[in-house]
Amino acid sequence: MSGFADDSLISDFVVESRENLDAIEPDLLAMEQEGAEVSQEIINRVFRAIHSMKGGAGFLAFESLKKLSHTMESVLMRVRDGQMAISPDLMDVLLNGVDKLRAMVDDIQASDDVPIEEDLTRLHAILEEGGVAIDSTIQAQAAPAEGTDEASSPGKTFDLDAESVRAALEHGMRLFAATAYIHQDIQDKGITPLEFLDNIESVGSCLDTQIDMDALPNLEQCIEEDLAFTFLFATVLEEDLVAMALELPEDQIAALDTDAVKEQFIGEPEGAAAQNEAASPAQTELPHMLGQILSERLGVSADAIHTALGKQKQGYKRKIGEILVEQGVISETQIAEALQIQKDLRAEKAAPAPVAAKASSPQVSESLRVRVDLLTRLMNTAGELVLGRNQLLRALEGREDVVAGLAAILQNMDLVTTELQEGIMQTRMQPIGSVFGKFTRVVRDMARDLGKEIDLQVEGSEVELDKSIIELLGDPLTHIIRNCCDHAIETPDERERAGKRRGGRILLRAYHEGGQVNISISDDGRGIDAKRVLQKAIEKGVVQEDKAAKLSERDIVNLVFAPGFSTAEVVTEVSGRGVGMDVVRTNIEKLGGHIEMDTEVGVGTNVLLRLPLTLAIIPSLVVGASGQRFAVPQVNLVELVWVRAVEVKDRIEQVHGAPVLRLRGRLLPLVRLSDVLNMPRAYAEPDSGAAHEDRREGIIDRRSTVVEEEGAGETGAAAEDAEAHAERGASDRRENWRGDYNILVLQVGSNRFGVIVDELFDSEEIVVKPLSALTKDCQCFAGATIMGDGRVIMILDASGLAEEAGLHFSDLEAEEKRRLEEEARKEAAAAAVRRSIILFNGAPDEFFAVPQDKVLRLERIETANIEEVGGREFTQYRGAGLPLVRLDHYLSVNPLPPEASALFLIIPKHVQEDGSREARAGIVVSNIVDAVDVEVSLDDSTLSGPGLKGSAIVQDKLTVFLDPTELTAAAGIEGDA
Amino acid sequence: MTDTIKAAIAEGVLRLAPTSNLVASSVADARTEIQKALESTHEAVVLDLSEAEHVDSLGISLVVGLFKTCRDKGLAFSVEGVNQNLLRVFRLFKLPEHFPVKGA
C-alpha cells in the first residue's frame, strides 16, 4: 500500500466500502431472483458500487482489492450489456467475490493476504465463456476506421477509468481513438514526445494509452522500427479538427460512438442525461482548456480556435489567446476573463470547496457521517440533562412564584430538554432493514446447501430501532432464521407429499405495536410437535413430570427456550427449531425484549420478538411498595385498576388457591409487589399516617389470622394490635379507602397480570442505568435510575416479576375458558326463557299473553261496529271485513263483558309467501294491559286447548300464554305465521 | 568518440548512465555502447537517466529496445533518475507498466 494515504482516507474508504458491500448483496440477490427481468437500475447500482470500490482501492493502492473488484466490474459490465445471462452460478461467483471483498475491507491492511486466485480464476472463466469483455469492447470501437492498416491498431486494450470517461462525456466531450507513430508523427515533425503530450492536453484529455511493445523486437532494431501507440482522447473538437490539432493523419483517428460509450459508462438513458445537463448547466464543471473556455464561455467559434491552433502548429510562437486577439476575434479583456476562469476552475479542482461539492452533488449535504461513540456520549449527556431537569423541577416545585417568570423558564427548559433528548435518540435510530438485509443471502445460501426451496419475504424494513438494539439483534435473528431453514422448512419432496407448495416460505416482519417493535419470524414448515418437546423436556429435566401435566401446549412449545433444553440431538428428533434457543431468549431479554413461539404441527411456526424502541431513556411510572419506590416501564404497563375496599370481594377471587383479578371478563393473576420482592408489607394509619406492618394474609380475606386470634387474649405485639383494632372500631380498614388496592396491569408477551402496589406516583422519563454486578442477577429488576430528588430507585422487570411470582397463566386461561363457556350456557338458557309479550284481559279478571313478534297490530273497536254474517263476527278493517275470534268460543274461559262499548283487537301477523304481512283475523279482548319482557318458564301441564302454550305468573297474576296464529287457525282462518 | 553512456557493474548490476540527453543525435552511439556493455555478465540492468534532461522519440525507442533485449536475456531492467517531464512521457507510453521507473 502506498505510504501517502493517511489513516483517515483509509478509514473513510473502509466505511464506504462496507456500505457499498451491504448495498451490493441485496441487489445481487434481486438480480438472481428476477433474472432477465431485473431492472437496469439495480445492475447499474451494483456496478457503480463495485466500481467505486475499485477506484478507491486503486487510489489507496490496495492491489488485491482493486484486482478483484476490477474483474467483478468486467463481469457486471457484461451482464449490464446483456451479453451475459444471470444465473445462480454467476451469482455464486459474484457473491463469493463480495465475501472476499468484505474480508479484505474488514482487515484492510492485510487485504493483500486474502486469497483471491480462485475467485479471479472463476471470474476470468466466466469472462472467457462468451460475450465481449469491456476492454475489447472499447478496443473494437477504438480500432481506427477503414483504410487503416493492421499495424496502426496495436492490438492492445484500454484500461479505462469509468469516472474519467463519465466526466468527459458529461462535459460534452467526444471520444477518439488515435494512433501515433513516434518516428513518423513525432520525431519527423521535429517535436519531442513531451511537446506532443502537451499538445494533446491543450485540446483535450488523454484517458488512456497503449504502446505496441511488440513492434520493437530488441535493441538492435529499436531505432529503425517505428513504435506505434494508441491513445483514447476526449475533446470538444470535431473529428477533422482533432486530426489537425494533433497533427495526425485523419485515418489514424477514429471517433467512438459517444452514445454507446455513454450508455456503457453512465448507464442512464440519453434523455435523463440530457435533462440533467439542461437542468443544471451551472453545476457542470467545465473543462480547463483555454480553447474550450473561449468556445463555451465566451462564444468564440470553433473555426477561429482551429485557425489559431493551426498557426501555432505552423511554428507561430505565440499563445493561442494572443493569436486570437491579433486576429481580432476577441479582446484582451476577454482573454483575461477566460484566463481567470481557467485559473478559478483549476483552483477549484485542486481543492474542491464544500460549496462546490454541494453544488455538484446536493444530496451529499443531506446526511453526515457521525461516529457512534460521539452519539453515545451525546446520548449519555442528554440522559444526565434529563435527570438534572427532573431534579430541578422537583427542587423548585411550589416555588415558581419566588422569581418572576420562573414558571415559564422551567416550562421552556422542560420542553427543550425533552426535544433535545428525543432528537438525540432519533439520531441513534436505524431502520431494521440493515439487519433484515443480510437474511436474504443467509436463506439463499442455506436453501442451496440444503437442496430446499425457500422464499424469504421481508416486511417492515423501515421500522426503526435504537442502534444498540439493532446491533445485538443480528445474532439472535440469524439463529432463528437458520433454524427455520434447517429444521422447520421441509425438503420440496416432503412438502409435496404433505400437500404443500414445493417452495417453503419464511416471512420476516417488523411492526410497531403499543410503543414497542415486534418482529415476527413465521414459516410454513413442519411445525413443532408439543408432545415430543414435552417428552424431551422431561427427559432433560427441564420440567418435572408432575408440573408438566399443568402446562398448556403453548407453554410446552416455549420450553424450547428453556436453558438445558437445546441440544442438537433434541432438534433433529423434534424436527423443529431449538438449537441454542435459550441463548436467543437470553439475548432478547438482555435487550429488554421478550420472545415467544406459536406453532402448529404441519402448518408452521411463528416466533415473535417484542422489543423496546430504545434502551437508554424510557417513559415509566413510579410506584411505591413497602415504603420503597420503583419505576415500571410504560411499555409493560397496560392500565391501572383501582379496586375499592368494598369491591374487593366482587372483583378479586381465588382460582386454584391463587388470587386473581377479574377485569372485563378476563382473569389476571394477582400478586403483591411487596410479597414478590420479599419486603415486609406496611400500611399507613389512616389518621396519623404512621406506618404499620401489614399482616393480612390473603388479598381477598383481608383479616389477619393474628388479629382474629388476638381476641383470645394474646400478649405483646398481638395485644397492641388488638388495641389498635379496638380503636378502629367501626372504621375497619376493610371499609376504609386506605384499604383500596392499586393494581398495575402489566403485560409480558401475550400474558397479563396484576401487581398490587401501595402508592402511585408520577410518570417520568427515566434514564436507565445498568445494574451493578451485585444485583445484576435479580431477575425482578431491569436496571436502576436516579430520581429527581436524587434517590436511586430500581426499575422493575415485568417478565422477571411474573417468573419470580411463579404465575401460571395457562391455569387461568383454562379457567377463563371454562367461565366463558359457562356464561355462554347461562346466556343461552336465559335467552330461552326471556319473552316479549303483550299482556291483555279476556274477561276483566283473566290475564292472557301473546308473543309480541306474532302480533301485527293492536286496534280499539266500538262494539257497535261488530257485525255478524253467517254465524261469524266481522268488523271493518282498512276497507275490508276482518273475521273476529272470541277466546271463549275456543277455550274454557269466561266470555267478554257484554256491556262493554269498546273492545280491543289483537291482529295476529300472517306472513305471505312474498314476505308481506297481512291481517287475516282479529282476536277480540276486553283490555290491553301492557307490553313487557318477562323471564318465565311456562307450565304446560294444567291447561290445554288450541293455541294454548302454558301458563306462568306475570305481574303477580296467573297468565295464560297463547299462540295467536294457532288460535286463529283453530277458528278456521289459515295463515302462515 | 566521447562516451555517451557510462557503464558500471556492481554486485551483478549493470548500471548504464547516459552522460547527456538521449536524443536523435546521441541514440545511435548510445545503442552501440549499450550493446557492448551488455556483453559482460550481470543479472540486472539499470538505466540511470539522471543526466538526461531530454529524451526524444528515438530515445524512447532506445529505452524500449533495451527493455526488450533485457527481457529476452532474462535480465531485470529498471530505469532511474527520471525527471518529472520525462516521467510524464514515460507514463504516456505506459512504460512503468512494463518495468520499474524511479523518479529523480
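In what follows, chains carry the letters A, B, and so on, assigned in the order in which the sequence lines appear, proteins first and then strands, with residues in each chain numbered from 1. Values reported hereafter were calculated over all heavy atoms of this structure, with side chains retained and with hydrogens, waters and symmetry mates removed.
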Note to self: At a heavy-atom distance under 4.5 Å, which candidate from A:L194, A:L227, A:I186 has the highest pair count against chain B?
What the structure shows: A:L194

Item checked: When B:L95, B:I60, B:V89, B:L92 are compared by non-hydrogen pairs under 4.5 Å with chain A, the top option -> B:L92

Note to self: What part of B:L38 gets within 4.5 angstrom of chain A, counting heavy atoms only: side chain, backbone, both, or neither?
What the structure shows: side chain

Note to self: Is any side-chain heavy atom of A:I191 closer than 4.5 Å to one of A:N199?
What the structure shows: no

Notebook entry, point to check: Do B:R88 and A:D198 meet the salt-bridge criterion of a basic N to acidic O distance under 4.0 Å?
Noted result: yes

Item checked: Proximal component of B:V23, with respect to chain A [non-hydrogen, under 4.5 Å] -> neither

Check: More than 12 foreign heavy atoms under 6.0 Å from CD of B:E53: is that the case here?
Finding: no

Next item on the list: Can you tell which part of B:D72 gets under 4.5 Å to a heavy atom of chain A, answering side chain, backbone, both or neither?
Entry: side chain

Next item on the list: For residues B:V45 and B:I34, determine if any side-chain heavy atom of one lies less than 4.5 Å from a side-chain heavy atom of the other.
Entry: no

Item checked: Test item: side-chain donor near acceptor, B:H54 and A:T192, under 3.5 Å -> no

Next item on the list: Let me know if A:E220 has heavy atoms under 4.5 Å from chain B in its side chain, its backbone, both or neither.
Entry: both

